[in-house]
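Reading through the structure tokens given below for one structure.
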Amino acid sequence: MSNLISSSAWQALYSHQSDIRNLKMRELFATDSSRFDKFSLQIDGLLLDYSKNLITEKTIELLINLASQSNLSDWIKRQFNGEKINTSESRAVLHTALRCPPNSTVLVDGKNVIPDVHRVLDHIRRYSNSIRSGITVGHTGKQIRHIVNIGIGGSALGPLMACEALKPFGSKDLTAHFVSNVDATDIAETLKKLDAETTLFIVSSKTFTTQETLTNAHTARAWLVKRLGSELAVAKHFAAVSTNLSETSKFGINPENVFEFWDWVGGRYSLWSAIGLPIAIYIGMENFERLLAGGHAMDEHFRNAPLEKNMPAILGLLGIWYGNFFGTGSYAILPYDQYLQHFPAYLQQLEMESNGKRVDREGNPVDYDTHFVVWGEPGTNGQHSFYQLIHQGTRMVPADFLAPLNSYNPIGEHHAMLLSNCFAQTESLMLGKTEAEARAELIAQGLTGNSLESLLPCKVFPGNRPTNTLLFNQLDPYTLGKLIALYEHKIFVQSVVWNINAFDQWGVEFGKQLANKLLPELRSEEAISTHDSSTNNLINIYRKRRIS
Ligand code: G6Q
């Protein structure tokens, strides 16, 4: 049995769970009018209401004990101080340094990294201003109107999510496009929307060796050269973001348009770095800096707030409460904000790639569950599809609801309707509907006898389904920065308790290793017989039936 499972803090939570699992949240609310005050936090305008959880004050006390037993406060210091806590890659983990003010000091191997961070930010400022103002133009002298991010995973999902989330701040003269998939359809359909003379491609890849990104970049390059009739056009229409400057120069990108970042920035944590270049161009540097400032504000909160008032710590520990003590296999992210439509996919990577691990920091297989499946869709759309399972399925699915109090599109009653749906959902997930309530409703509808009795079980809702609600005024860059950093730190909290490394991704590396392996066999003249019978047949069927 691992130290974690046998620890007193874990065992105390284990027995507490059996004491309280039959409690009803509706009764907890009915008997304690201060429940919201007890179980909510505010950090400059961002509210976390976690009162609709299956918890008592004792639960929080025991969860905080678990965090203390895991030396969470020490780990937070170690991360912020640039210790190489990503041990399997021997790297520091310093996305937090990317949002530090210029007068800060953060040392990696004895060197302060902040001057480099601000040197690159200055470069981003100059370049994004000159694209937006039309000082830097395309090969034929026309102003840039389309920016196309070519990148995948951590080099795509953050900028995609943030450009969509901050659309109200986006330049009306620019359209941001994102190409990730090696499926040619992705780039082909994007190219159809573009005019080569007014398009800037940003090739974003930490390693600059990723198959999908380089393939798409070469296709885009060939398209551009063909359209503009000159190789010289590449210098004006391509920029790159990478830690691998020798590969960017091999690709032929003008060194002035190459933006650097460092190995201590993990891919999925990189939108704050030069990987955020499309965001800076699209929303402008001042707004990009507001995003960084929001992230920094959450960093300061995370470092300084006591654990019981620490938003990332509370969110992380609640996740552990359900995942490890109630056996929930997934949790849902449900933004009631159309601009946050890519936020669930963004968090899916951030959380599952960080904490989807099976060995601890010492390399021992763990004997407890680590991360759960993360999924979600914007409300109210999800209500008309999968909420059924959350309300009445056999599994408990904890969910985070996120909503702005004010809309950028204040048309009629839309926003009040949106929020009324959001609040009604969390309320009814908590309350449920008892058999007596369901029966009274059916009687009021005129049902009696067998028709009433047979319908009754379907109309009962167990309730007691946990939710968090995060409210903010409007989704501006500063707020988005805080929200992203909140989840980043929440993930770190969980990794500390689980004693796993949240910052490596060997599963992704494995995929990259496999990517080119089968390719020559698909082109082979000879039948393939070196794999298992399934793989051999799949390859051979493709070989026989491919048209081009
Ligand atoms: C992120 C992952 C992964 C990575 C992509 C793209 O943390 O490592 O999603 O971002 O595989 O890698 P490159 O940026 O090196 O192309």
Side-chain angles (χ1 to χ4, degrees), residues 79 85-96 98 120 148-162 178-183 186-187 201-221 238-251 253 258-279 342 344-357 371 374 484-485 487-489 491-492 494-495 500-517:
Q79 183 193 353
I85 59 169
N86 175 359
T87 43
S88 71
E89 295 183 306
S90 191
R91 288 177 182 168
V93 175
L94 279 178
H95 42 280
T96 49
L98 300 167
V120 174
V148 184
N149 189 82
I150 299 181
I152 196 163
S155 298
L157 288 164
L160 168 68
M161 178 277 290
F178 294 84
V179 174
S180 293
N181 202 334
V182 77
D183 182 342
D186 200 4
I187 187 136
F201 293 99
I202 301 173
V203 186
S204 282
S205 174
K206 184 171 169 179
T207 53
F208 228 77
T209 54
T210 305
Q211 185 201 54
E212 293 91 331
T213 300
L214 289 184
T215 306
N216 280 321
H218 282 288
T219 301
R221 191 185 200 280
F238 272 84
V241 182
S242 188
T243 56
N244 190 345
L245 304 188
S246 66
E247 284 300 317
T248 60
S249 87
K250 274 191 216 152
F251 187 89
I253 293 174
V258 175
F259 296 80
E260 184 190 353
F261 68 114
W262 307 274
D263 72 357
W264 41 262
V265 182
R268 55 196 173 278
Y269 295 88
S270 65
L271 72 80
W272 320 94
S273 72
I275 291 288
L277 180 64
I279 312 172
H342 298 306
Y346 174 74
L347 286 188
Q348 209 163 44
Q349 176 187 31
L350 197 63
E351 306 217 25
M352 291 166 73
E353 197 172 319
S354 296
N355 282 342
K357 307 284 162 68
H371 218 277
V374 180
I484 301 168
Y487 280 94
E488 287 179 347
H489 295 319
I491 290 164
F492 182 56
Q494 296 181 329
S495 74
I500 56 176
N501 180 359
F503 304 108
D504 59 9
Q505 55 285 311
W506 297 106
V508 178
E509 309 302 336
F510 184 49
K512 289 184 184 182
Q513 206 179 316
L514 297 178
N516 287 311
K517 211 171 152 204

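In listed order, ligands and their atoms are each counted from 1.
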TODO: Name the orientation class of the two ring planes belonging to Phe238 and Phe201 (parallel below 30°, tilted from 30 to 60°, perpendicular beyond 60°).
DONE: parallel

The answer for which part of Arg268 has a heavy atom under 4.0 Å from ligand 1 is both

**Prompt:** Is the backbone of Ser155 close enough, under 3.5 Å, to the side chain of Asn149 for a donor and an acceptor to pair up by distance?
**Reply:** yes

(Q) Is there a polar contact, in the sense of an N or O pair closer than 3.5 Å, between Thr210 and ligand 1? (A) yes

Next on the checklist: Please check this pair: side chain of Lys206 against backbone of Val265, looking for a donor-acceptor N/O pair closer than 3.5 Å.
Outcome noted: yes

Got an N/O contact under 3.5 Å between Val508 and ligand 1?
no

Q: Tell me, please: is Glu509 in heavy-atom contact with ligand 1, that is, under 4.0 Å?
A: no

One finds that the ligand 1 atoms under 4.0 Å from a non-hydrogen atom of Ser205 are 13 (P), 14 (O), 15 (O), 16 (O)

If you scan protein heavy atoms around atom 15 (O) of ligand 1, the nearest is Thr207 OG1, 2.6 Å

Checklist entry - So, Asp186 side chain and Val179 main chain: donor-acceptor pair closer than 3.5 Å or not? => result no

Ala220 and Ile150 have their tightest heavy-atom pair at CB-CD1, 3.8 Å

Looking only at protein heavy atoms, what sits closest to atom 6 (C) of ligand 1 is Ile152 O, 3.2 Å

* Asked: Has ligand 1 got any nitrogen or oxygen that is less than 3.5 angstrom from a nitrogen or oxygen of Lys512?
  -> yes

Checklist entry - Taking the six-membered ring for Trp, are Phe251 and His218 parallel (under 30°), tilted (30 to 60°) or perpendicular (over 60°)? => result tilted

For atom 4 (C) of ligand 1, the closest protein heavy atom turns out to be Gly154 N, 3.8 Å

Indicate yes or no for a side-chain donor-acceptor contact from Asn86 to the backbone of Asn501 under 3.5 Å, with no hydrogens or angles considered.
-> no

Under 4.0 Å from one or more heavy atoms of Glu353, ligand 1 contributes atoms 1 (C), 2 (C), 3 (C), 7 (O), 8 (O), 9 (O)

So the atoms of ligand 1 within less than 4.0 Å of a heavy atom of Ser155 turn out to be 10 (O), 13 (P), 14 (O)

Report task. Using atom types as modelled and distance alone, determine if a side-chain donor or acceptor of Lys357 lies under 3.5 Å from a backbone N or O of Ser495. Result -> no

Partner of Ser205 under side chain to side chain contact (heavy atoms under 4.5 Å, CB included), picked from Thr248, Thr213, Asn244, is Thr213

among protein heavy atoms, the one nearest atom 9 (O) of ligand 1 is Gln349 NE2, 2.7 Å

Report task. Please say whether Thr213 places an N or O atom under 3.5 Å from an N or O atom belonging to ligand 1. Result -> no

